[in-house]
Amino acid sequence: MKFLEQAPRFLFFTGKGGVGKTSIACATAIELAETGRRVLLVSTDPASNVGQVFGVDIGDKITAIGAVPNLFALEIDPQAAAQAYRDRIVGPVRGKLPEAVVKGIEEQLSGACTTEIAAFDEFTALLTDAAITSAYDHVVFDTAPTGHTIRLLQLPVAWSGFLEAGKGDASCLGPLAGLEKQRAQYSAAVAALADGQRTRLILVARAQNSALREAARTHEELAAIGLHQQFLVVNGLLPKEEAALDALAAALYAREQAALATMPDTLRGLPCDYVPLKPFNLVGLDALRQLLVATPSHIKAAVGEPVELHAPILSELVDGIAADGHGLVVLMGKGGVGKTTLAAAVAVELAHRGLPVHLTTSDPAAHLAETLHGSLDNLTVSRIDPHAETERYRQEVLRTKGAKLDAQGRALLEEDLRSPCTEEIAVFQAFSRIIREAGEKFVVMDTAPTGHTLLLLDATGAYHREVARMLDANGAHYMTPMMQLQDARRTKVLLVTLAETTPVLEAANLQADLRRAGIEPWAWVINNSVAAARPRSPLLRKRAENELAEMEKVATTHARRYAVVPLLRDEPVGAPRLLELAGHATEPA
């Protein structure tokens, strides 16, 4: 593997949920340790199975892994770190400020940025404390801070004064209020990250267009702030020999090869490794030792009967949606789970039943809008450009809030507006112009802000609070977008996930986030299921079996109702393929 050649002291693995960065980080740590080097593996994965992998209770203390000489591990619980961080900031003001103010501060500190900054706060010591790192030849991290977080840590002036003066909307600057005392430590940590002699960043992706685009964005964002020592690992490639064993495997192989052939140019210049898809779950030393080894990965088994799966299909969920005759349907989920495609599938299924539907999408590729527009009775499609809406929102905030700021204050506001929350707010404002149509027809939205961002919109005097203030004074009847999302009679929220450990955990966290904002998800949708596709190839059948445990968690623990959508042979573009996702049979290809 190229990324292991002449490995520096620090190796950071980054990639969105479900691409396998934790497994690859663990396999890397084992391989380095088994060459005789002392290695510290640091996990900040909220679903960390490092202890389970090694059969050792690890936790927040450096622990020797007896089964692998020279290997030590440390688990940082990002949620616990974030809670401790919140307590450190909120504790001194609790009882001194009004309860409403304290709750506002807690909400400001409840988002993903706080979790990431708190975790970074925990492991900066490992980057800067020579007394710790000198004992190891390598420190392997299973995650890396985003470019946005690193830029926040580089901001040159006091964040707390800026916030106290009320010059910025709460998004990602709030969590920084507790970091002033550690400025020198953070500066040293950022310098270590940018030093190519000490640090290597490994971007982990899958051979999918969306995952490779995400990796390209991460590469560009990190390179722009000086982190140039980057490698690419494409994980989970279907072996060519499997493609000959059934039609689904052949189609998936062709799709992956096409994605690799058209990967973004910015990734082509990076050293790249390819890791084949394995039939087994990556738990246990034996499995991890095989992950980075180029051994034949097919299973010595005959092509056989598909895995038996008895689960609701998407059209059964649409039955419940259609019964209302109209309303707002919102699909939410982490990047890469397919919520845009499933929003189109729900819209097409409703239109196919003769119901009027407006599908509004922020799909950057716009292929759904182009494919569906005018092609199906009862369906209209509109596309919102996230980049254009975000820039329009940024310029409006800079024109109003930024007009009287000095140069440093304006720099802070501009960084605040680069936060992940900003695009959510901007796109949601654009969606809000369409939501009112849901009183007469179905409006299907392919995304919405997280509960955290919605509460920030509410708490910072944005649309919902401002409308309420004006109309309450007049005694008028009104319905803001926030109120409509909270009203289960008017809105059905569908959470989209995959039948894999990390995506299911991320969806569960999103559900908790929404509930805090008073929004109760109506159903879950498990997308791209191998089991539901009924493959016959040995490797894919094993993968299908592995999905069943995650489906059981969704069905029995997380969801009030759910549906499973199969992985299709062909890209789900166009009305016939989208109807196939919902459960309609199609003619054999």
Side-chain angles (χ1 to χ4, degrees), residues 1-25 28 44-45 112-113 116-117 119-120 123 127 139-154 172 189-237 256-275 292 334-337 364-365 386-387 390-391 415 418-420 422-423 502:
M1 293 287 170
K2 296 184 183 72
F3 75 88
L4 279 169
E5 294 173 3
Q6 297 179 321
R9 173 70 60 82
F10 303 117
L11 293 99
F12 278 88
F13 291 84
T14 187
K16 62 184 181 183
V19 296
K21 62 180 178 293
T22 298
S23 297
I24 292 178
T28 296
T44 57
D45 182 1
C113 289
E116 186 176 342
I117 288 169
F120 195 48
F123 65 60
L127 289 168
V139 183
V140 177
F141 297 91
D142 82 335
T143 191
T146 64
H148 173 63
T149 296
I150 294 171
R151 286 196 309 272
L152 289 172
L153 299 173
Q154 292 173 323
C172 289
V190 171
L193 281 169
D195 183 351
Q197 298 300 311
R198 288 188 283 169
T199 299
R200 180 172 294 172
L201 285 153
I202 297 99
L203 308 172
V204 183
R206 303 295 289 264
Q208 301 161 352
N209 290 323
S210 61
L212 290 168
R213 284 197 301 267
E214 179 74 19
R217 282 194 294 270
T218 301
H219 162 65
E220 292 164 6
E221 184 180 55
L222 295 173
I225 51 177
L227 280 66
H228 297 291
Q229 185 76 334
Q230 297 183 31
F231 285 66
L232 175 66
V233 173
V234 181
N235 189 31
L237 278 173
E256 288 181 349
Q257 294 304 309
L260 293 176
T262 58
M263 79 163 66
D265 290 340
T266 51
L267 296 180
R268 293 188 181 280
L270 296 180
C272 184
D273 291 301
Y274 300 95
V275 178
L292 301 179
K334 296 291 186 177
V337 296
H387 300 296
T390 302
E391 185 57 27
E415 184 55 50
R418 292 192 189 103
S419 85
T422 299
E423 183 175 310
T502 302

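Keep in mind that what you see is a predicted model, and the values were worked out from it rather than measured.
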When rounded to the nearest 0.5 angstrom, what distance separates [atom1] in [X] from [atom2] in [Y]?
X    : Y    : atom1 : atom2 : value
L227 : D195 : CG    : CG    : 10.0 Å
Q257 : T262 : CD    : OG1   : 11.0 Å
R200 : F231 : CZ    : CZ    : 3.5 Å
E220 : T266 : CD    : OG1   : 4.0 Å
T14  : H219 : OG1   : NE2   : 13.0 Å
F3   : L11  : CZ    : CG    : 8.0 Å

Identify the heavy atoms of [X] and [Y] that sit nearest to each other, and give their distance.
X    : Y    : value
A25  : F141 : CB-O, 4.4 Å
L203 : A215 : CD1-O, 3.8 Å
Y274 : M1   : O-CE, 4.0 Å
R198 : A192 : NH2-CA, 3.4 Å
A211 : A205 : O-CB, 4.0 Å
L212 : A259 : CD1-O, 3.6 Å

**Report entry** F12 side chain reached by L193 side chain, heavy atoms, under 4.5 Å
**Finding:**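 Heavy-atom side-chain distance check passes, below 4.5 Å.
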Report summary line: Those residues at least two apart in sequence (or on a different chain) that pass side-chain contact (heavy atoms from CB on, under 4.5 Å) with V204 are F13, V19, K21, I24, I202, N235
Report task. Tell me, please, which residues at least two apart from A224 pass side-chain contact (heavy atoms from CB on, under 4.5 Å). Result ->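 Per chain and number, A224 pairs via side-chain contact (heavy atoms from CB on, under 4.5 Å) with no residue.
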Report task. Please check if the side chain of D273 supplies one atom and the backbone of K2 the other of a donor-acceptor pair under 3.5 Å. Result -> yes
Query - Pair L237-L260, side-chain contact (heavy atoms from CB on, under 4.5 Å): steps then yes or no - result: CA-CA 10 Å; L237 278 173; L260 293 176; 3.9 Å; yes
